[in-house]
Each structure stands twice: as C-alpha cells, then as structure tokens.
Protein chains: 2
Amino acid sequence: MGSGLKRQGRVGIRDVAKAAGVSPTTVSHALSGKGRISKRTRNRVIEKAEKLGYKPNRSAQQLVTGNSGLIALYAGNSSTPTGRLTSALPDYPFIMNIAMSASVEAIEQGLSMALSSQTSEASGLLQMGVDGAVIVDPEVKDPVNEEFFEAGLPVVTVGRVLGVPEEMNEHWVDVDHNKVTIEVLEHLKKRGAKRVAVISAPVGPSYVNDSLEGYKAWCESTGQEPIFHTLEGRDYEQETRRVTKVLLDEKDRPDAIFCHLQPVSVEVLRAVIAEGLSVPDEIMVATMSDDNKVNNLDGSGMPDLTGCNLHPEQVAREAVRMLASLIAGEEPANRHVYVPAEITARESTNRK
Amino acid sequence: MGSGLKRQGRVGIRDVAKAAGVSPTTVSHALSGKGRISKRTRNRVIEKAEKLGYKPNRSAQQLVTGNSGLIALYAGNSSTPTGRLTSALPDYPFIMNIAMSASVEAIEQGLSMALSSQTSEASGLLQMGVDGAVIVDPEVKDPVNEEFFEAGLPVVTVGRVLGVPEEMNEHWVDVDHNKVTIEVLEHLKKRGAKRVAVISAPVGPSYVNDSLEGYKAWCESTGQEPIFHTLEGRDYEQETRRVTKVLLDEKDRPDAIFCHLQPVSVEVLRAVIAEGLSVPDEIMVATMSDDNKVNNLDGSGMPDLTGCNLHPEQVAREAVRMLASLIAGEEPANRHVYVPAEITARESTNRK
DNA sequence: ATGAAAGCGCTAACAT
DNA sequence: ATGTTAGCGCTTTCAT
C-alpha cells in the first residue's frame with residue numbers, strides 16, 4: 001500500500017446521492033450533464049455536491065472511460081537556436097510561463113501534464129498513452145505533429161501550423177500578433193516616430209508572418225516605406241549589432257525600432273546608446289515578446305523597454321481547456337481562439 | 001465517452017495470467033514483488049508480460065491503492081529576484097531543465113507531475129490530492145514546506161533546508177557544490193592562478209554555503225587569503241560591475257574570478273574586457289551554474305565561459321525516483337543523494 | 001426522469 | 001506458493 005491511506009472520509013458520489021435523496025446514477029448524470037434530468041433535481045444535486053465538497057475521483061473516472069488523464073505539452077526546440085548566449089532568452093521565460101500555466105489548468109481540468117521538448121520524448125509519451133497534446137510553436141516538418149495526428153489523438157497548437165491543410169491543424173490558440181503589432185506602430189507614431197524599422201525573428205512560427213503582415217499593412221496605410229530585417233537566428237547578438245549599425249547609418253535614419261524578440265531589443269538598446277544616440281528622444285525601441293520579470297531594466301543604465309503583454313498564461317489555459325474538451329469528446333466552443341494582447345508602454349518609447 | 005475508445009486490445013493482467021498459466025493475483029505479485037512467489041514462476045510471468053507488452057493501467061492501480069498518481073514540483077520564487085534583466089537568467093534554464101527531466105522521470109515512474117512556482121498554487125495542489133512533492137531550493141520560511149510536512153506527505157528537496165531539525169528534511173538530492181568548487185579552484189591554480197576571488201550568489205540556498213565553505217577550506221589549505229563578495233541580489237548587473245571594479249582596482253589584484261551565477265560571470269567578463277584586461281591571460285573567469293546552451297559565447301566577441309556541469313537532469317530524476325519510493329511506501333535506497341558535478345573547462349580559463 | 005446492476009483493471013484480504 | 005473473492009469510485013447500458 002502506498003501512503004494513500006485510503007483517503008479517509010473523502011466524499012464520494014454515493015454520499016452526494018444520499019444527501020440529495022437520489023441514486024448515484026442521477027448524481028453522475030446531473031454533474032456531467034449527460035442524462036435527462038429535471039432542472040430541479042439537477043440543481044439540488046449540484047448544490048449538495050458543492051456543500052459536501054465533492055471532488056470526483058479521477059482515477060475511477062479514467063478507469064471507466066479508458067482515458068489516461070495525461071496530456072503532453074510539447075515545446076519543440078525549433079525556436080530555440082542553440083549555442084548562443086542570447087538565443088536562449090526568448091524561449092525559456094515564455095515556455096516556462098506557458099508550462100506553468102498549462103500545468104495548473106490541466107490539474108483544474110482533471111488532467112495532468114507531461115512536459116517534453118524533444119521528439120523522442122514526445123513519441124515516448126504517445127506510447128505511454130497520453131490522451132492528447134498541446135504543441136507550442138509547431139513546425140510543419142516536425143514529426144511530432146504527424147505522429148499525434150496519425151494516432152488520431154487530439155492536438156491543440158499554440159500558434160498555427162502554416163502551409164498545411166486545415167484538417168491537419170483544426171484546433172489552435174494564438175495571439176493576435178498582427179493587431180498588437182499595429183498597436184505598437186500606432187503608439188510609436190503617436191509618440192512622434194516618423195520612420196519605424198522592424199527587426200524580425202527568423203521565419204517559421206506563424207507569429208513572424210502575422211506581425212510582418214501587420215507592419216506591411218500599416219506601412220501601406222500610412223505611406224511609410226517598409227524597412228525591415230529578418231534575423232537568420234545563427235547569432236542574435238552579432239546579427240543584431242550588424243543590422244542596427246546598418247539602420248543607424250542610413251541617410252534617412254529610422255527614429256524607432258520594433259523587434260520581435262526581447263533580447264534583440266536589448267542588444268539594439270545597447271548598440272544605439274553605444275552609438276551616442278539617446279533613447280527615446282532620438283530613437284525609440286520596442287519589443288513584441290515581453291517578460292515583465294525581464295524588461296524592467298532600471299539600474300542597468302538602460303531605459304525600461306516597451307513591450308507587449310502577450311498573456312502567455314491565458315494562452316496556455318485556453319489551449320489546455322480546448323484540449324480537455326476534445327478529450328472529453330465534446331466539440332469545443334471555438335476551434336480557433338485569439339487571445340488579445342496589448343502594449344505595455346515603458347521608458348524606451350516615452351518621447352515627450 | 002472520451003476519445004479513449006476503450007484502448008482496444010490492450011493487454012491486461014488477465015492476458016498475462018492466461019499466457020503464463022497462473023492467476024491474475026500471481027501476476028500482480030510477481031510484477032510488484034509483493035507476495036511470496038517462486039523464482040521460476042516469477043520469471044515466467046515477467047517474461048510473458050514483456051513479450052505481450054503488458055503495461056499496467058495506472059488508473060486502476062491508483063483507484064485501488066487510493067493514490068492520485070500526481071506529484072508537485074515546487075520551484076519557489078525565492079531564488080528568482082524579480083524586476084531585473086539578468087536575475088531571470090540563472091533560474092529559468094535551471095528550473096526548465098529540472099522540470100523537463102522530472103516530468104519525464106515521473107512518467108516513467110507511473111506518476112504525473114504538476115509544476116508550481118507559487119505558494120498558492122502549491123497549496124491548491126495539496127488540496128487536489130497530490131501524493132507528494134519535490135521542492136527545489138527550499139527555503140526555511142516558505143510555508144509550502146510546512147504544509148506538506150504537516151499533511152504527512154512525502155517530500156524530497158533539491159538542495160537541503162538549512163537550519164531545521166533533520167526530521168523536517170529527511171530526504172534530499174543535492175549536488176556536491178563543495179567538491180566541485182574545489183575542483184574549479186584546483187583547475188584555476190593549475191592554469192597558473194595565484195589569487196582567486198569569488199563572487200557569491202545571495203545567501204539562502206544551501207549551495208551558496210557549500211561552495212563558500214569549499215572555497216574557505218581551499219584557501220586555508222593553499223594559504224591564499226580569501227577574497228569574496230556576496231551579492232545582495234537587488235541588481236545583479238550593477239552590483240557585479242561595482243564588485244568587479246573593486247576587485248580589479250586592488251593593489252594585489254586577483255588573477256581569477258569564480259562566480260556562482262552564470263549571468264554574473266558574463267557581466268564580469270564584460271567588465272574585465274572593458275577594463276582593457278585580457279581573458280584568460282590576465283584574468284581567468286569561471287562560473288558554477290552553467291548551461292551549455294548559454295555558455296558558448298563565441299560570436300559575441302567574448303571567450304567561452306568555463307563552468308560546471310551540475311547535471312540538473314540527473315538531480316531531477318533522482319529526486320523523483322526517491323519520491324516515488326516514498327509514495328510507494330518503500331524506504332528509498334538512500335535518503336540523501338549527492339549527484340556528482342564536474343568542471344567544463346572552456347576558453348575563459350585556458351591560460352597557456 | 002430516475003434507478004439497478006454490471007464492470008472498467010487492478011490489488012489485497014483471505015483462503016487453500 | 002498460488003488462487004478466490006471482493007471491492008476501489010465511477011460511468012453506462014438497460015429497465016422502469
């Protein structure tokens with residue numbers, strides 16, 4: 001026997017049944033909304049259940065339904081270029097946030113969650129009988145997507161899979177990067193920016209496309225000539241310094257730079273200041289990926305960085321909730337969810 | 001019904017029993033090592049089980065044993081000073097590594113794992129019926145420790161709880177920071193260091209004590225005067241620059257600097273180079289916390305940083321394994337486990 | 001609209 | 001040393 005000690009006095013479905021004066025079956029139905037039950041009894045049952053603090057025993061539910069109650073959170077290493085100092089930064093905090101929140105939401109949904117960051121682990125989880133998966137920043141070429149798809153297991157992605165038939169990526173949660181990009185651009189404009197340049201993350205994830213489209217549309221509508229560089233991701237720091245130098249040396253120099261990745265913004269900040277230019281007066285800098293634990297730079301001699309709150313916690317929760325629905329055999333309320341994001345203005349764009 | 005589709009043709013204990021010509025009970029006993037069974041039949045059963053690819057149904061096991069099969073990984077925010085750029089760095093990769101590995105090991109142990117980083121979440125998990133917890137870098141004052149202790153639930157810590165009676169921290173996994181510190185110091189000495197200074201992480205976690213003790217012992221045995229600064233953790237970058245300046249301005253300047261935290265080392269590297277001194281020829285720099293994804297600085301114009309492989313994956317696995325034993329009601333093989341660590345020499349200490 | 005009964009896959013008393 | 005029996009707490013036919 002384990003340390004379980006047979007959870008003393010835990011209230012079960014029978015206790016609720018007795019208290020409500022009905023059968024266990026009725027309680028089950030009332031709580032799951034499956035059978036046909038009169039409103040009155042249902043409410044009575046629910047009330048009693050809450051009053052007694054009834055929590056269904058997940059093991060029993062899983063045993064009878066045949067589910068394992070386990071889901072995988074797969075955050076592939078795709079977007080984690082290895083071997084460089086700064087390259088680790090954009091991903092860890094974001095994935096940590098997602099993982100923590102997803103884990104909590106999973107618990108609340110009666111599921112538990114296994115993390116995996118490698119293809120082999122993910123396959124292992126499949127073998128172990130997970131009920132479904134959340135895949136963060138999915139890649140088309142990643143075999144994990146296909147494996148789950150072929151196994152017929154429900155998958156919810158965070159970010160869309162670009163370039164595949166819709167039925168292979170039916171369910172996703174995403175941030176409206178297009179919209180938040182435009183919000184940032186408008187903010188910069190309002191603060192007096194005349195020419196806004198963009199330093200983009202390497203192509204691949206859908207958010208890069210989305211943001212760049214937003215930028216192009218905004219340029220079109222405002223008549224500004226688009227100026228953007230897409231990083232290759234081999235060496236963020238070096239590339240960023242190079243690109244920044246190029247931007248600053250242009251005859252018609254941009255007076256605001258918007259970067260997708262937070263560490264890139266920091267490097268831009270460094271480079272701009274090193275060049276003897278003032279932030280935000282001569283150049284404003286903003287980032288899309290933001291981490292409030294990280295962007296507050298005071299004490300480092302650099303201005304706090306304007307960023308976007310992409311609400312990773314909410315993204316994670318929505319994804320897990322959607323997956324839970326799918327596992328329960330329900331059609332989720334929405335198959336596509338956009339989580340709103342908004343700018344967090346700080347010192348680096350506070351031009352007066 | 002869920003998508004579980006009643007796991008078709010899944011081999012159960014009865015199938016194994018039939019194949020081995022014994023009863024289900026015997027199979028159960030043979031596989032768990034509980035009852036008294038002859039060696040011969042046990043082996044036969046095990047063989048058949050493997051051949052048929054038998055995997056026990058966790059839900060059924062949990063239902064009957066009364067365990068939830070869920071453990072908590074609690075990595076408190078203690079060691080994560082907030083609000084500063086670099087302060088996020090030391091923790092995220094380490095905790096990510098721990099979390100991922102722990103998660104995988106949990107699965108292998110038939111458990112699943114919920115992440116939590118906040119007291120409230122951890123309490124929530126307790127209410128939800130977790131079977132035990134792994135607590136990373138525990139703090140004495142953290143209520144989470146006590147809550148679990150009082151609930152009588154098994155806890156394994158990663159790092160020791162300092163200053164509490166032994167029975168409140170019976171089970172832990174730790175890295176031998178004392179030993180690895182001395183290994184680094186010896187390495188530096190061998191490379192020609194005459195005076196080694198240490199910049200220590202803020203006090204609290206046991207590893208800080210352990211490493212500093214190692215340093216003091218080493219100083220005593222080599223006759224070097226100890227030179228160390230302990231960061232307060234308010235602003236790593238600024239503090240580090242200040243401390244480094246002080247060290248470099250001493251008349252009898254140290255020619256090697258060992259830091260606990262990787263981002264601190266990077267800042268030291270910057271400061272030393274900015275001061276016009278060469279690494280490793282004039283000053284060697286090394287770090288204790290290391291991340292191979294992060295310490296490889298080439299391309300940034302700075303030498304790769306010598307660090308220590310603290311084997312976070314192994315630490316996590318040991319901790320989960322120990323916890324699994326405790327949950328199963330067994331006395332674990334060891335109540336204290338030291339995971340070996342070793343230096344990873346790189347360019348920043350490669351003085352010829 | 002509600003309930004009785006069967007059983008998910010496993011473990012653990014209690015025989016033998 | 002091995003088998004028999006009785007559930008763990010829940011869902012789900014199938015009656016009523």
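Because the structure is predicted, anything quoted here is derived from the model rather than measured. Proteins get letters first, then strands, A, B, ... in listed order; numbering begins at 1 in each.
A straight line from CG of N43(A) to P of dT2(C) spans 12 Å, rounded to a whole angstrom. Spacing between atom CG of N67(A) and atom C1' of dG9(C) amounts to 15 Å, rounded to whole angstrom units. Atom-to-atom, CZ of R10(B) to P of dG9(C) comes out at 10 Å; the value is rounded to the nearest Å. Whole-Å rounding puts the R44(B) CZ to dA1(D) C1' distance at 12 Å. Taking atom CD of residue Q62(A) and atom C1' of nucleotide dC10(C), one finds them 14 Å apart after rounding to whole Å. For L63(A) and dA6(C), the CG to C1' distance is 13 Å, given to the nearest whole Å. Note: NZ (K18(B)) to P (dT2(D)) measures 19 Å, nearest angstrom. In this structure, the CZ atom of R42(A) is 14 Å from the P atom of dG3(C), given to the nearest Å.
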Under 3.5 Å, which donor-acceptor pairs do the side chains of residues 43-52 of chain A form with other protein atoms, sequence neighbours left out?
from   : atom 1 : to     : atom 2 : distance (Å)
R44(A) : NH1    : A20(A) : O      : 2.4

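Among residues two or more places apart in sequence or in another chain, the salt bridge (Lys or Arg N to Asp or Glu O under 4.0 Å) test is passed with R160(B) by D174(B), D210(B). Residues satisfying the side-chain hydrogen bond (donor to acceptor under 3.5 Å, both in side chains) criterion with S206(A), sequence neighbours excluded, are absent altogether. In terms of the side-chain hydrogen bond (donor to acceptor under 3.5 Å, both in side chains) criterion, E146(B) has no residue partners (sequence neighbours excluded). Listed by chain and number, the residues in a salt bridge (Lys or Arg N to Asp or Glu O under 4.0 Å) with K39(B) amount to none (sequence neighbours excluded). Shown here are the side-chain hydrogen bond (donor to acceptor under 3.5 Å, both in side chains) partners of N145(B), two or more places apart in sequence or in another chain: there are none. Applying the side-chain hydrogen bond (donor to acceptor under 3.5 Å, both in side chains) rule to T41(A) yields the partners S38(A); only residues at least two apart in sequence or on another chain are considered.
Side chain of A60(B), nearest nucleotide from dC10(D), dG9(C), dT11(C): dG9(C). Distance from the side chain of Q61(B) is smallest to dT11(C) among dT2(C), dA1(D), dT11(C). Distances were taken from every side-chain heavy atom of V22(A) (C-beta onward) to each of dG3(C), dC10(D), dT2(D); the shortest belongs to dG3(C). Relative to the side chain of S23(B), the nucleotides dG9(D), dG3(D), dT11(C) differ in distance, and dG3(D) lies closest.
Contacts between residues 25-32 of chain A and DNA chain C, defined by a heavy-atom separation under 4.0 Å, are made by T25(A), T26(A). Taken residue by residue, residues 46-58 of chain B places no heavy atom nearer than 4.0 Å to DNA chain D.
Pairs of residues two or more places apart, or lying in two chains, that qualify as side chain to side chain donor-acceptor pair (under 3.5 Å) and include a residue from residues 17-30 of chain A are S23(A)-T26(A). Sorted by first then second residue, the side chain to side chain donor-acceptor pair (under 3.5 Å) pairs that include residues 320-340 of chain B, not counting sequence neighbours, are E105(B)-R321(B), W172(B)-H336(B).
Among the atoms of the strands shown, none is found under 4.0 Å from any heavy atom of S59(A).
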| task | Show your working on side-chain contact (heavy atoms from CB on, under 4.5 Å) between V339(B) and E318(B) and close with a plain yes or no. | result | CA-CA 8 Å; V339(B) 171; E318(B) 289 290 348; 4.2 Å; yes
| request: In sequence, state the C-alpha distance, the side-chain angles, and the governing distance for I327(B) and I71(B), and then conclude on side-chain contact (heavy atoms from CB on, under 4.5 Å). | output: CA-CA 10 Å; I327(B) 289 173; I71(B) 62 175; 3.6 Å; yes
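Along DNA chain D, the nucleotide nearest to I37(B) and the one nearest to R36(A) differ in position, and the one closer to the 5' end is contacted by I37(B).
A donor atom on one side chain and an acceptor atom on the other are found under 3.5 Å apart for D142(A) and Y74(A).
Comparing the end axes of the helix from dA1(C)-dT16(D) to dT16(C)-dA1(D), each fitted to five base pairs by superposing C1' atoms of four pairs onto the next four, gives an inter-axis angle of 30° (nearest 10 degrees).
Put simply, T41(B) has a side-chain N or O that comes within less than 4.0 Å of OP1 or OP2 on dT2(D).
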